[in-house]
Q: 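Right, I'll just put the structure down here and ask away after.
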Amino acid sequence: MFRAYRRLTGMSQTKLGERVGLAQPDVSDIERGRRRVTSAEVRQRIASGLDIPQRLRTGDVCTGEVPPVPALVLPGAGRDADVLERVTSVVGTGHRVDAPTLDWLDRLLAEHRRAEDHIGSRPLIDVMRQQLRTVIDLYAGARGPLADRVVRLASEHAQFLAWMAQDQAQTSAALAWYDRSHEWALEAGDANMSATTLSMKAHMAWSGGRGTRCVRLAEAARWSAPGASLGVQGMAAQMAARGHALNGDADAAYRGLDEAQMLISRAAEHPEDEPPWMYFYGETWFTLQSGMAALHLRDWRKAVEHLTVGLDALADGYRRDRTWYRACLAHALAGAGEAAQALSVAVASVQDAATVGRPHSWNELHATAALLHRRGAAEGHQLVSALREYD
């Protein structure tokens, strides 16, 4: 199908990949028969991206067994033109842009970020895709500094979409969005967003167990954007520290955390210098991230201490993150031999993990159950029973 579609349209493998949320090598492997598409989610992306009529869709794409929220693909999918083309197009849309309109869109994005903290990413993905289209449509009517501001706003939307794709374990889509956000940030001269996208790609590497890549991307976030704020630099420093922890290098991890704490403390003295998406990052988050580093280093007691202190200070509005760090605390307690406490914390997190915390918090609770099993604790069976109620 890919080969026939490209022959008819003259489209490159790279451009087709953008439509369906796949990297060019994956498109090539599929065309050559080296890879079979078995995932219902990927088939849905392909059907939507190529705008295949519903009556022609076969297999699990048309059975109704599709995700409750439309799959996240590159915004060039379906009837929409390529986003990069649209954002750099000189063709007028008739919409005039003014500063109050962009102020309103800034505030709307900020509200959506805070809503995602509480309800999770799944309900917001399609909303934010539509909102990005609105921002892009404004570009042709923008002039001078307003045009740069529209590109910067598009970059912030793309970064948020990347984060939500990452939260839903849609790795290819997340990487594509981060790359797009990074390009737009460079175009707009936004050092803070340029560095942030690299730090978030480092976070993705860390989530995938790739410590060395995490360190390299986090370091690139700092040397490639020297004009970034202290808080953004601090986030990159702690990401590098977590990469070192993942690799088992305790000395490098703790040196990195010390540097990150210094940067974050200095940033707190001038919060007005920080970009709006850094609203969440401060001493509380640093404490929680220190707990994560200790968890990877199997310093169970230190992990329990940091995670407990951080959770006690974490505002109730951060429901998704509270769920994640509680799952990590349960894991640390299990590692420390506190099976009963681990079970108590884990069971209290199950419902939220099943709703706003899939897949990451959910997987962490399963990892906790597995650790309890390996330790021969009966609590492992009890946690599995609690998880099965929501499987």
Side-chain angles (χ1 to χ4, degrees), residues 14-15 17-19 21 23-24 72-77 80-93 95 97 99 101-110 112-113 116 124-125 127-166 170-204 217 220-229 232 235-236 274-278:
T14 299
K15 187 68 73 174
E18 290 179 357
R19 284 183 175 257
Q24 181 272 328
L72 180 61
V73 297
L74 284 177
D80 296 320
D82 178 76
V83 170
L84 190 56
E85 230 172 76
R86 291 174 69 189
V87 85
T88 56
S89 171
V90 296
V91 178
T93 62
H95 298 294
V97 184
T101 299
L102 298 182
D103 290 342
W104 179 82
L105 286 167
D106 276 332
R107 291 196 301 272
L108 190 58
L109 176 58
H112 280 135
R113 288 186 186 276
E116 194 262 346
L124 287 172
I125 288 177
V127 173
M128 295 311 302
R129 288 178 65 200
Q130 296 293 337
Q131 192 166 310
L132 175 58
R133 290 192 185 100
T134 299
V135 173
I136 291 168
D137 283 338
L138 295 175
Y139 182 82
R143 298 291 181 270
L146 289 180
D148 290 338
R149 190 172 167 191
V150 171
V151 176
R152 183 178 292 109
L153 191 56
S155 175
E156 292 183 25
H157 278 72
Q159 181 269 333
F160 187 35
L161 280 163
W163 164 252
M164 291 192 291
Q166 179 181 340
Q170 297 174 357
T171 305
S172 296
L175 286 172
W177 279 116
Y178 279 134
D179 287 344
R180 190 60 60 84
S181 176
H182 187 73
E183 289 175 10
W184 284 340
L186 292 176
E187 182 182 342
D190 190 339
N192 284 324
M193 180 53 75
S194 173
T196 296
T197 54
L198 291 174
S199 286
M200 298 311 296
K201 289 178 76 170
H203 177 72
M204 285 190 68
L217 284 167
R222 299 187 67 184
W223 63 254
S224 67
S229 71
V232 170
M235 181 168 67
E274 298 302 316
W277 61 86
M278 290 291 289

Q: For Ala228 versus Ala191, what's the shortest heavy-atom pair and its separation?
A: N-CB, 3.9 Å
Q: Taking salt bridge (charged side-chain N to carboxylate O under 4.0 Å, His left out) as the definition, give me every residue that meets it alongside Glu274, ordered by chain and number, with sequence neighbours left out.
A: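 So Glu274 forms no salt bridge (charged side-chain N to carboxylate O under 4.0 Å, His left out) with any residue.
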Q: Does Leu138 reach the side chain of Leu102, with side-chain heavy atoms less than 4.5 Å apart?
A: yes
Q: Taking only residues two or more places apart in sequence or in another chain, which ones pass side-chain contact (heavy atoms from CB on, under 4.5 Å) with Leu186?
A: His182, Ser194
Q: Between Met193 and Val232, is there a side-chain heavy-atom distance shorter than 4.5 Å?
A: no
Q: Quick one: does Met128's side chain get under 4.5 Å of Leu109's, heavy atoms only?
A: yes
Q: To the nearest 0.5 Å, how far apart are CH2 in Trp223 and CG in Leu198?
A: 8.5 Å
Q: Please round to the nearest 0.5 Å and tell me the distance separating atom OG1 of Thr197 and atom CD of Glu183.
A: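 Atom-to-atom, Thr197:OG1 and Glu183:CD are 10.0 Å apart.
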Q: Quick check: do Asn192 and Trp277 have side-chain heavy atoms less than 4.5 Å from each other?
A: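 They are in contact (side-chain heavy atoms under 4.5 Å apart), so the answer is yes.
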Q: Taking the basic N atoms (NZ, or NE/NH1/NH2) and the acidic carboxylate oxygens, is any pair closer than 4.0 Å for Asp106 and Arg149?
A: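 Salt bridge present between Asp106 and Arg149.
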Q: When rounded to the nearest 0.5 angstrom, what distance separates CE in Met235 from CE in Met278?
A: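 It comes to 4.5 Å.
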Q: Could you grab the distance from atom CH2 of Trp163 to atom NE2 of His203, nearest 0.5 Å is fine?
A: 4.5 Å
Q: Minimum heavy-atom separation for Leu132 to Trp184, with atom names?
A: CD1-CZ3, 4.3 Å
Q: His157 side chain to Leu153 main-chain N or O, any donor-acceptor pair under 3.5 Å?
A: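 Yes, His157 side chain to Leu153 backbone: donor-acceptor pair under 3.5 Å.
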Q: In Å and rounded to the nearest 0.5 Å, what is the CD1 to CD distance from Ile125 to Gln170?
A: 5.5 Å
Q: Ignoring hydrogens, what is the shortest heavy-atom contact between Leu105 and Gln131? Give both atom names and the distance.
A: O-NE2, 4.3 Å
Q: Could you check whether any side-chain heavy atom of Gln159 comes within less than 4.5 Å of a side-chain heavy atom of Tyr178, counting everything from C-beta outward?
A: yes
Q: For the residue pair Glu156 and Arg113, what are the closest heavy atoms and their distance?
A: O-NH2, 3.3 Å
Q: Taking all non-hydrogen atoms of both residues, which atom of Ala162 and which atom of Trp177 are closest, and how far apart?
A: CB-CB, 3.4 Å
Q: So, using salt bridge (charged side-chain N to carboxylate O under 4.0 Å, His left out) as the criterion, who are the partners of Asp148 when residues are at least two apart?
A: none
Q: Could you check Met164 against Arg129 for side chain to side chain contact (heavy atoms under 4.5 Å, CB included), going step by step and ending with a plain yes or no?
A: CA-CA 11 Å; Met164 291 192 291; Arg129 288 178 65 200; over 6 Å; no
Q: Would you name the heavy atoms of Glu187 and Tyr139 that are closest together and state the gap between them?
A: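 Of all heavy-atom pairs spanning Glu187 and Tyr139, the closest is OE2-OH, 4.3 Å.
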Q: What's the spacing between Lys201 NZ and Leu217 CG if we round to 0.5 Å?
A: 6.5 Å
